[in-house]
Amino acid sequence: MNEMTPPAAASPRSTRPDDWASDQEVRWCPGCGDYAILKAVQRTMPELGADPAKTVFISGIGCSSRFPYYMETYGFHTIHGRAPAIATGVKLANPELDVWIVTGDGDGLSIGGNHMLHLLRRNLDCQLLLFNNEIYGLTKGQASPTSRLGTRTPTTPFGSIDRPVKPCEFALGAGARFVARTFDTAQKQLPEVLKRAYAHKGTSFVEIYQNCVVYNDGVFEAFTDRKAAPTSQLWLEHGQPMLFAGGTRGLTLDRERLMLEVIEVTPETLPRVIVHDETNRSVAHMLINMNFPAFPVALGVIYCDPRPSFETVVAEQVAKATAGKVADLAALLRRGQTWEVSPPA
Amino acid sequence: MNEMTPPAAASPRSTRPDDWASDQEVRWCPGCGDYAILKAVQRTMPELGADPAKTVFISGIGCSSRFPYYMETYGFHTIHGRAPAIATGVKLANPELDVWIVTGDGDGLSIGGNHMLHLLRRNLDCQLLLFNNEIYGLTKGQASPTSRLGTRTPTTPFGSIDRPVKPCEFALGAGARFVARTFDTAQKQLPEVLKRAYAHKGTSFVEIYQNCVVYNDGVFEAFTDRKAAPTSQLWLEHGQPMLFAGGTRGLTLDRERLMLEVIEVTPETLPRVIVHDETNRSVAHMLINMNFPAFPVALGVIYCDPRPSFETVVAEQVAKATAGKVADLAALLRRGQTWEVSPPA
Amino acid sequence: MATAAKIDPAPPPSASHDAVVVRFAGDSGDGMQLTGGQFTLATAIAGNDLATFPDFPAEIRAPAGTLFGVSAFQIHFGATDIETAGDAPDVLIAMNPAALKVNLDGLKPGGLIIADAAEFTERNLKKAGYAANPLEDGSLARWQLMALPISQMTLDAVRPFGLSNKEALRTKNMWTLGLVMWMFGRPRAPVVQWIEGRFAGRPELKEANLAALNAGHAWGETAELSGPLKQFHLGRAEAEPGLYRTVTGADALSLGLVAGAKLAELPLFFGSYPITPASSILHALARLKEFGVTTFQAEDEIAAICAAIGASYAGHLGVTSSSGPGIALKTEAMGLAVMTELPLVIINSQRGGPSTGLPTKTEQSDLTQAVFGRNGDTPIPVLAARSPSDCFAVAIEACRIATRFMTPVILLTDGYIANAAEPWRVPDRHDFEPFPAIFCDQPPADGRPFNPYARDPVTLARPWVKPGTPGLIHRIGGLEKSHETGNIDYSAANHQKMTAIRHAKIDGIARFIPAQEVALGEPWGRLAVVGWGSTYGPILKAVERARARGHAVSHIHIRHLHPFPENLGALLRGFERVLVPEMNMGQLKVLLRDRFLIDARPFSKVSGQPFRIAEVEAAIEEAIA
Amino acid sequence: MATAAKIDPAPPPSASHDAVVVRFAGDSGDGMQLTGGQFTLATAIAGNDLATFPDFPAEIRAPAGTLFGVSAFQIHFGATDIETAGDAPDVLIAMNPAALKVNLDGLKPGGLIIADAAEFTERNLKKAGYAANPLEDGSLARWQLMALPISQMTLDAVRPFGLSNKEALRTKNMWTLGLVMWMFGRPRAPVVQWIEGRFAGRPELKEANLAALNAGHAWGETAELSGPLKQFHLGRAEAEPGLYRTVTGADALSLGLVAGAKLAELPLFFGSYPITPASSILHALARLKEFGVTTFQAEDEIAAICAAIGASYAGHLGVTSSSGPGIALKTEAMGLAVMTELPLVIINSQRGGPSTGLPTKTEQSDLTQAVFGRNGDTPIPVLAARSPSDCFAVAIEACRIATRFMTPVILLTDGYIANAAEPWRVPDRHDFEPFPAIFCDQPPADGRPFNPYARDPVTLARPWVKPGTPGLIHRIGGLEKSHETGNIDYSAANHQKMTAIRHAKIDGIARFIPAQEVALGEPWGRLAVVGWGSTYGPILKAVERARARGHAVSHIHIRHLHPFPENLGALLRGFERVLVPEMNMGQLKVLLRDRFLIDARPFSKVSGQPFRIAEVEAAIEEAIA
Ligand SMILES: Cc1ncc(C[n+]2csc(CCOP(=O)(O)OP(=O)(O)O)c2C)c(N)n1
Ligand SMILES: Cc1ncc(C[n+]2csc(CCOP(=O)(O)OP(=O)(O)O)c2C)c(N)n1
Ligand code: SF4
Ligand code: SF4
Ligand SMILES: [Mg+2]
Ligand SMILES: [Mg+2]
């Protein structure tokens with residue numbers, strides 16, 4: 001047992017990125033995209049004004065799920081796929097905590113798909129970061145539910161044949177109220193997305209494309225590459241027209257076929273470009289489903305339309321249900337019909 | 001052990017609804033909507049030209065999941081939530097079988113949500129009937145993932161607070177290629193939907209609103225009621241305009257807000273009514289998300305856009321990967337480098 | 001009661017004069033469980049000891065009149081200590097032919113049948129598979145028969161209230177209850193009170209039910225008294241002085257958890273997923289928010305235990321509860337709780353297995369699973385409740401062990417205990433010692449780093465830190481961890497050490513639990529009958545009878561099944577033979593033989609039904625022969 | 001080999017002359033597993049018996065030079081029967097300071113260290129936590145040291161091929177392999193062949209690797225021979241005549257399943273979810289489609305076992321496989337397989353627990369889980385493989401029992417066996433008796449209804465019917481079923497009967513398995529050392545040594561753990577004492593004590609490492625004292 005000192009000052013103080021790095025040696029493969037995400041998170045935390053002692057990172061199992069060890073916060077590296085369930089218990093027990101869930105495409109969408117579904121529909125207030133490298137890293141490179149058709153891995157030596165899940169599409173289908181997408185090396189935009197996710201009350205679903213240098217190197221290169229960026233990335237901003245390629249192209253709606261379309265932007269066509277409305281679920285679906293490279297990859301906050309968060313509603317119900325009631329255990333034990341047996345005279 | 005007779009003729013013969021009823025006593029509560037579904041299924045099977053001996057009904061646990069016992073077909077009443085996984089094994093082992101999955105809102109969307117997700121994304125050829133009574137029937141009336149906010153049950157004595165899953169929305173998010181919706185007493189339309197589901201190669205997701213007379217009586221009445229039907233039900237037909245209320249109202253798209261809208265249909269407005277295109281995923285999302293009673297309830301085949309089914313692709317890959325290879329076990333055992341130890345001279 | 005004096009006490013049709021077994025049986029829709037419950041309450045208030053056994057079908061609402069739709073409620077009550085729901089009924093109430101058919105087998109020879117003759121129609125007889133009407137064909141000659149047109153008499157009694165025929169017939173259970181209450185001189189006041197509350201909003205139903213109750217009672221008083229219908233007089237059972245109520249196991253367990261959390265000074269978090277027969281605990285706790293209870297209906301059993309682990313991690317007392325298949329699903333997460341050494345109570349309301357098995361039938365076949373059923377060397381303490389009221393104390397004990405030793409604890413109860421009711425002396429605040437949970441909330445004084453796996457030298461528990469506490473930031477997880485810092489450590493020596501510590505901590509709990517007592521008899525002799533869980537009643541009674549016949553037999557009933565009390569081995573070695581009756585194929589037997597190398601012999605019953613006293617008696621006779 | 005004659009045979013640095021233990025250790029990126037594998041193959045071909053122990057980190061690719069990034073491969077080989085990977089290396093190859101630090105402890109006093117001096121830079125020394133260079137500070141005086149600038153010499157050797165520095169350095173493992181092959185007179189031909197295949201598309205890499213291999217070899221031949229570097233001569237081990245190859249446990253298990261399915265005349269369906277160390281079986285089988293093997297990578301372990309159950313139901317041989325946490329998740333579905341009495345093989349590649357535990361370390365701590373770890377009375381036969389090559393036969397046996405008795409079967413292997421390699425005599429078609437599966441495909445002749453739970457009077461197996469078969473339509477499920485018709489039946493008598501039948505069927509398998517043999521020694525004596533699984537080697541060797549010292553000790557190794565062979569009890573009673581060494585806290589011990597009431601004493605090691613012979617020897621000495 002450790003001896004105790006007098007209480008430390010508990011007031012949140014301003015922090016620096018270094019304050020968020022634990023003393024644990026980082027054990028990802030050299031060059032792994034996880035490093036960039038870790039760096040971005042550690043850099044963003046001070047800007048959120050978050051308190052390390054009030055922050056909990058909860059993960060499942062996978063390379064990505066090692067994340068909590070490297071954050072100087074409370075951390076719980078749980079079991080495969082179950083982080084959302086554990087996080088639900090943590091947050092219901094103490095809604096004051098900032099809860100972050102880190103998961104992978106295997107952890108979150110293969111074994112853990114059901115908990116993800118229920119987390120999202122309940123809308124627990126937390127940030128869920130799904131590191132999507134389209135592969136099982138930790139177990140040495142098997143196909144994951146996001147692996148593309150034809151991916152050759154030890155379990156799919158002739159190419160993967162399961163049609164991949166689209167994480168953001170799944171999240172919307174599960175009732176998510178905040179859906180964003182970004183990637184590991186987007187060091188400028190990733191922090192902005194994290195800030196939005198943190199600000200959103202409810203489950204903030206953030207898919208982060210992450211490069212696994214060992215087992216799936218370069219799968220996102222076609223659009224994450226600096227050179228390809230302008231024409232392949234559509235960074236969304238609420239209230240702004242959906243423009244890319246330096247403003248020379250934009251998205252519009254083909255109102256006959258009810259489908260999105262890429263157009264060359266000229267002063268005349270500009271009004272036809274759709275203005276991003278984060279609260280439009282139908283458009284969010286369309287954005288997520290755009291096929292690259294015919295379309296750019298939609299990035300940033302795709303959908304955000306808050307609803308009351310789970311732990312808030314739970315607390316409200318408790319307040320209402322207990323209003324005016326006294327927690328009298330003795331009375332509880334005596335509830336219902338009772339009778340007295342008197343001592344023998 | 002049973003003694004054997006010479007082989008019976010195995011050729012499919014035409015059947016009558018009675019041929020599809022097993023000798024097991026039906027054990028649902030009197031008045032349960034499950035009876036109507038059972039009747040509709042038994043009535044439809046002969047029309048499909050299906051063969052009882054080649055048909056397998058697979059279910060999880062719940063009142064709904066008792067279904068296989070009442071069908072004179074092969075049947076497997078498995079464990080809670082896992083019917084899709086068992087069905088996957090059955091169909092991969094024998095793609096010739098007609099596989100039907102029967103599940104409930106609890107079985108399929110609470111404990112079984114993950115298998116449902118993966119069944120749909122893989123697109124195994126089978127019909128999945130989800131009996132949605134918005135309650136746990138078998139365990140005596142607790143809230144289910146589809147129970148509406150505020151539903152009072154033994155586990156939610158102060159009203160349910162988990163935001164409900166929309167089964168069809170979830171199915172689309174999971175990658176379903178066939179999504180239909182109907183209800184127990186729609187004895188005219190239910191068989192039509194079943195026929196479409198059977199005809200679709202891939203996972204046919206069919207949500208069937210089902211009345212639980214004991215624990216959730218009348219939750220669908222507002223739109224299943226015969227009187228309310230015309231104004232509250234929108235039966236979709238591919239290639240037909242989306243009309244209801246005897247053709248006096250229709251759905252159109254508000255092209256500014258990119259949302260659906262109900263309009264009074266006149267000869268002038270008729271062209272604005274959307275024509276149902278089963279293959280349009282974005283519109284399918286909108287149809288599913290319409291709020292009753294501001295909008296009618298979309299019924300029938302909402303989405304259908306086939307992709308190769310899982311067991312077909314598996315079989316194709318096997319054919320390709322094994323082409324020209326001989327299954328020589330002795331050679332397999334000797335694979336790699338070998339050496340001979342000779343008997344002592 | 002005033003009427004009691006008017007009646008000539010006649011010998012009851014049962015052999016025993018101080019205890020009676022009554023079985024109410026009818027269609028699922030006939031309200032037998034409710035009737036039984038009300039009779040139980042009245043009986044408890046009349047001062048008898050009692051035990052009950054609700055026995056209902058798996059179907060929600062089976063088609064009327066079928067054999068599988070029969071629902072029964074058995075109560076055993078009397079002036080002596082009652083420990084079982086009774087081997088064989090003295091009185092059988094059969095509301096229709098199916099109820100008669102299904103329940104006749106158990107009825108004592110010479111016992112009394114009260115049948116609703118109005119329901120023995122051709123249609124109902126056929127549904128029950130009777131070729132001829134048993135009320136008329138002499139086939140019931142071995143018993144005493146009272147065939148009354150109960151339905152008809154009920155309709156007559158409630159006619160004034162203008163109910164529909166269906167509604168009117170629903171009150172026939174009250175008519176029957178009235179009659180049976182007259183037979184045993186039970187006070188009607190509590191039932192009247194209950195009816196008034198229940199039908200407060202429907203005055204016509206209230207009046208009709210009261211009228212039916214009174215009519216049944218009056219019929220007993222005024223009917224021909226020379227027939228088999230007799231009034232019974234049962235003295236009050238001796239009971240410890242105090243305030244009493246009836247509880248089912250599910251009630252008592254729920255209350256025990258609330259009390260346990262209070263004694264630990266912790267909020268209670270209860271994560272569960274509905275499953276028979278465990279759900280009733282979730283139902284009960286969902287209503288107790290004002291006691292700091294959070295209930296969470298999870299999407300499945302895995303999420304339920306995981307949420308409870310999360311809550312414990314955050315400083316609540318996490319509890320989860322399930323049965324059969326649901327417990328199986330929790331095993332992976334139990335390992336996580338062991339590895340992270342967090343308090344957690346896991347309640348298993350056992351039911352018939354394997355697989356989905358017999359959801360509404362009782363069994364005790366999950367003991368070896370509780371002790372051994374996890375990957376790795378993963379010890380978890382295991383406790384079992386022996387009766388409905390015992391659930392209260394055992395729940396508190398589970399909370400105590402979980403929080404004091406930072407460990408998950410498995411509490412075994414079963415479908416029988418969960419549903420059965422018995423009188424319970426309401427404990428008061430002095431009956432249980434508080435065990436306030438201690439959170440570590442300060443970094444070490446000397447500036448040394450905080451070690452989340454440093455241990456209390458006495459209990460070997462690690463410190464419990466709430467996330468949110470400044471200065472104690474750390475990380476935990478399911479990988480093997482260094483024995484001090486808690487950081488990941490796969491080294492050989494560390495794993496060996498941690499494995500040993502995890503075992504030593506759980507084994508060491510034996511030093512902090514009560515010594516094993518002998519439930520009945522001397523701590524030595526020819527035969528020890530060793531049981532656990534809900535077999536307490538039948539074993540106790542069987543041993544009592546064997547002792548009455550002069551045999552040197554004792555009854556030992558184990559609450560702490562892992563680790564065992566320290567004195568158990570020595571105690572058992574004081575007997576020549578050891579017999580272990582269990583509602584399984586011999587599971588405690590495995591533990592006893594392994595641990596003490598004694599020739600413990602199993603006596604198994606796996607039928608979904610509790611033991612009968614006579615069955616255990618016979619096994620005892622055989623064992624000492 | 002030609003060179004062999006040139007060298008003066010010098011005594012090896014080890015005490016034993018007929019067996020040597022070599023340990024290759026380096027950074028994860030240094031290719032030590034590959035080097036070890038190639039050396040193994042060459043050694044097998046040279047006619048030595050051998051056993052290997054790959055020991056690699058949990059991290060995919062740990063940062064270079066760190067202690068936790070060290071990967072090692074140990075091989076024990078010689079002219080005698082080799083049954084373990086060796087207690088302590090005679091030779092340690094250390095490719096960097098971290099590799100030296102982590103592996104030095106185990107090295108035999110006087111053993112030889114070959115270190116790549118070029119890697120002992122200040123930076124690397126610091127990463128390994130060395131204050132001074134151990135190659136220079138005299139701290140290795142207890143051992144013989146050969147510090148060579150291997151990296152440098154490799155770069156020199158491959159310079160002509162124009163590789164980048166990084167690529168060039170990657171070949172240093174081949175240089176080292178060349179040197180070690182020279183030391184032990186191994187033929188280089190198989191390695192050359194392998195290099196040529198591997199780098200077929202990259203001629204410059206092929207040439208560089210060959211050059212490095214030859215350079216290392218040449219260096220051995222030409223270097224100063226008075227130093228500690230000596231050439232060893234080991235005779236050929238005696239081996240049964242036949243065709244040989246090396247196999248790991250995962251290889252042999254996969255082949256055994258293919259062979260088992262063929263003997264059963266069934267297509268194989270393998271449903272699994274990746275997990276260490278079980279995945280390699282899935283990887284191997286995924287490539288064997290032409291053998292009628294369907295592999296299915298499921299979304300989780302529950303889906304994996306359920307799909308396998310579905311496939312068995314449809315007439316395939318369903319198999320599922322996992323480890324630790326994944327096996328825990330399968331327990332609910334195992335119950336379903338028991339209830340529906342379908343064939344199923346469940347493979348558990350055990351790893352260190354509890355929870356996620358030590359994924360890459362070995363352990364045998366899931367035995368009691370296999371036997372007892374399910375809700376309800378749910379018996380499943382349990383088998384264990386004792387060595388890599390034994391996996392083949394055990395896999396076939398599992399297929400045989402599953403299909404013949406219509407039951408799930410659990411096959412236990414472990415992380416050590418899965419990865420370790422040994423020579424294997426390739427069986428031929430006469431080594432195993434076929435056991436063609438019999439499907440019921442005809443309705444009963446006499447028009448009686450078909451009963452899916454009618455039983456074979458000998459095996460008690462129920463008929464296996466493929467859905468699709470006309471005339472045999474029926475339904476099955478997880479609820480208790482009537483003992484004949486298979487329809488739902490909760491009645492007391494039926495449940496009692498079905499529970500008894502399920503047990504009798506599994507217990508009865510004992511009549512159809514080989515009697516327990518004694519692995520070494522007489523079937524009586526002072527001490528039986530009883531083991532199961534991968535402890536076979538160390539126990540055998542330890543018993544051999546004890547016997548050599550004149551002790552009346554025998555070794556009994558159990559393959560059939562549930563039910564036990566019929567003669568096991570009698571056999572064990574022939575010994576005064578019974579010692580049970582296990583890599584767990586004493587699990588077989590529980591089974592033996594329960595079943596036979598003998599004072600079996602556990603000897604536990606739970607460190608993630610296999611037993612050393614000396615450890616078991618010491619335990620034997622203590623046990624017979
Ligand atoms: C119950 C269980 N099943 C399987 C595993 C093995 N396992 C660990 S991580 C993992 C997949 C990880 O993939 P992903 O979530 O994509 O993480 P990544 O390593 O790619 O970051 C698997 C299958 C496990 N630890 N537990
Ligand atoms: C593993 C497991 N958990 C819980 C249960 C208990 N259970 C049986 S059915 C059911 C819910 C059924 O709900 P639903 O699927 O909606 O079916 P319904 O009865 O409403 O048709 C539950 C929780 C079980 N049998 N197995
Ligand atoms: S295996 Fe892939 S995901 Fe895992 S640490 Fe290495 S590079 Fe990153
Ligand atoms: S409980 Fe509800 S769903 Fe179940 S059988 Fe009865 S009415 Fe139908
Ligand atoms: Mg991944
Ligand atoms: Mg339902």
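Not measured: the values here are computed from a predicted model. Convention: sequence-line order gives letters A, B, ...; per-chain numbering from 1.
- Of the residues considered (C/R287, C/K289, C/E299, C/E238), C/E299 shows the highest number of contacts with chain A, using heavy-atom pairs under 4.5 Å.
- Chain A forms the most heavy-atom pairs under 4.5 Å with one residue out of C/D251, C/D300, C/I45, and that residue is C/I45.
- Only the backbone of A/T73 comes within contact range of chain C, with at least one heavy atom under 4.5 Å from a heavy atom of that chain.
- Ranked by heavy-atom pairs under 4.5 Å with chain A, the first of C/I309, C/V465, C/V258, C/I302 is C/I302.
- Of the listed residues (C/L479, C/T294, C/D428, C/V247), the greatest number of heavy-atom pairs within a distance under 4.5 Å of chain A belongs to C/L479.
- The closest donor-acceptor contact from the side chain of A/W100 to the backbone of A/L129 lies at 3.5 Å or more, if one exists at all.
- Interface check for chain C: of the options A/A85, A/P84, A/A83, the most heavy-atom pairs under 4.5 Å are formed by A/A85.
- Both the backbone and the side chain of A/L329 come within contact range of chain C, judged by heavy atoms closer than 4.5 Å.
- When all heavy atoms of A/S59 and A/S65 are compared, the closest pair comes out as OG-O, 2.6 Å.
- When the shell of 6.0 Å around CD of C/E196 is examined, it contains more than 12 heavy atoms from other residues, nucleotides or ligands.
- At a 4.5 Å heavy-atom cutoff, the contact between A/R335 and chain C is made by backbone and side-chain atoms alike.
- The closest side-chain donor-acceptor pair between A/S309 and A/E311 falls under 3.5 angstrom.
- Ionic pairing of C/R425 and C/E240 is present here: one or more N-O contacts between side-chain nitrogen and carboxylate oxygen are shorter than 4.0 angstrom.
- In this structure, A/R177 contributes its side chain and A/L120 its backbone to no donor-acceptor pair below 3.5 Å.
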